[in-house]
Amino acid sequence: LSQFSPSMFYSEGKRSCVFRISHNNLYSTKELNAFKGEVKLSSSTTASTLSFSSFGYIHYRTNTLSFALTKLLTDKFCLGISSDWENTRYSGANHHHKAVKISINGAWHSSQKNFLLYGEVAHRFIPKHSKNLLSSKNVNQWLIGFCLNTSTVSRWLLEAKIDDFKRVSGHTGFEYIIKNFSLRLGCMGLPIRPTYGVGFKFKAMAFNIASSWTTLLGHSFSCDISYT
């Protein structure tokens, strides 16, 4: 549902370790595949995440190593920091570039546990010594959203992301839970693209499949499997 994961409020004060593997494909194109592996450790007051992702194909590849740490400051508020280290290589052209992204994020939970407000401020920069075919411009990013539990079995999320106050994108989603089965519908843009997906939990395993669709480029798919 979200590009941001305020995981502290969903650990329920328990120690846990989550292993997750995910795959994303844009517009059913083999050159636009992304794979990600992630490990998250949670306790009653802290959560840390280490992940590695890879995007591209034989002639173009971006690898990203990420680390995130979140601290529960009160029973309603948590604060976190994360960093992404990117390395992109272009085979045959002898060019590559590196980028670093530093983020500070926070989330606030209502006392009734039915409303979650969160936000993130990030700065993505490219070192001067890095060879970059695309752009050497640094980017500031802002992310804000909220999640509302509309009932005991459903919730609604609304989220917006801003890049340098020039490009704005947002999405909204609704999730309905039937025992261990989840149904999700929403849309993202701009331009507006419908999204839909399903999720299933079986004991310590969880499976998710989702897709978005555009009239010009077709479908994009994603799936993940996790073990807690």
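Side-chain polar atoms of Ser44 and Arg15 form no donor-acceptor pair below 3.5 angstrom. Side-chain contact, Asp84 with Ser66: a donor N or O sits under 3.5 Å from an acceptor N or O. Side-chain atoms of Asn33 and Asn25 form a donor-acceptor pair, as typed in the model, at a separation below 3.5 Å.
Between His59 and Tyr57, the angle of the ring planes goes over 60°, which puts this pair in the perpendicular group of the 30/60° scheme. Classified by interplanar angle (parallel below 30°, tilted 30° to 60°, perpendicular above 60°), the ring pair Phe207/Phe200 is parallel.
Residues Glu159 and Met188 fail the side-chain proximity criterion, which asks for heavy atoms closer than 4.5 Å.
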Could you give me the CA-CA distance, side-chain angles and deciding distance for Arg61 and Ser54, then say whether side-chain contact (heavy atoms from CB on, under 4.5 Å) is met?
CA-CA 7 Å; Arg61 177 70 60 181; Ser54 183; 2.9 Å; yes
Listing, residues 220-228 side-chain donor-acceptor contacts under 3.5 Å, not counting sequence neighbours, or none:
from   : atom 1 : to     : atom 2 : distance (Å)
Ser220 : OG     : Tyr27  : N      : 3.0
Asp224 : OD1    : Asn208 : ND2    : 3.2

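With Thr214 contributing its side chain and Leu217 its backbone, the two residues share a donor-acceptor pair below 3.5 Å. Judged purely by atom type and a 3.5 angstrom limit, Thr195 uses its side chain to pair as donor or acceptor with the backbone of Gly186. In this structure a side-chain-to-backbone donor-acceptor pair under 3.5 Å is missing from Ser42 to Ala47.
Between Glu120 and Lys161 no salt bridge is recorded (no basic side-chain N to carboxylate O distance below 4.0 Å).
Each of Leu65 and Phe35 belongs to its own hydrophobic cluster when Ile, Leu, Val, Met, Phe, Trp and Tyr are linked at side-chain heavy-atom distances under 4.5 angstrom. Cluster membership for Val18 and Phe202, using ILVMFWY side-chain heavy atoms within less than 4.5 angstrom, is not shared.
Interatomic distance, CZ of Phe19 versus CE of Met205, reported as 11.5 Å (0.5 Å rounding).
Closest heavy-atom contact between Leu72 and Phe77: CD1-O, 3.7 Å. Nearest heavy-atom pair, Gly145 versus Leu117, reported as atom, atom and distance to 0.1 Å: O-CD1, 3.4 Å. For Asn114 against Leu148, the heavy-atom pair with the smallest separation is O-CD1, 3.4 Å. Looking at every heavy atom in both residues, Phe146 comes nearest to Tyr118 through N-CE2, 3.8 Å.
Just one residue in the list Val121, Asp163, Ile162 forms a side chain to side chain contact (heavy atoms under 4.5 Å, CB included) with Gln141, and that residue is Asp163.
Applying the salt bridge (Lys or Arg N to Asp or Glu O under 4.0 Å) test to every pair with at least one member in residues 16-34, sequence neighbours left out, gives these pairs: Arg20-Glu38.
The number of heavy atoms from other shown groups lying within 6.0 Å of OH (Tyr176) does not exceed 12.
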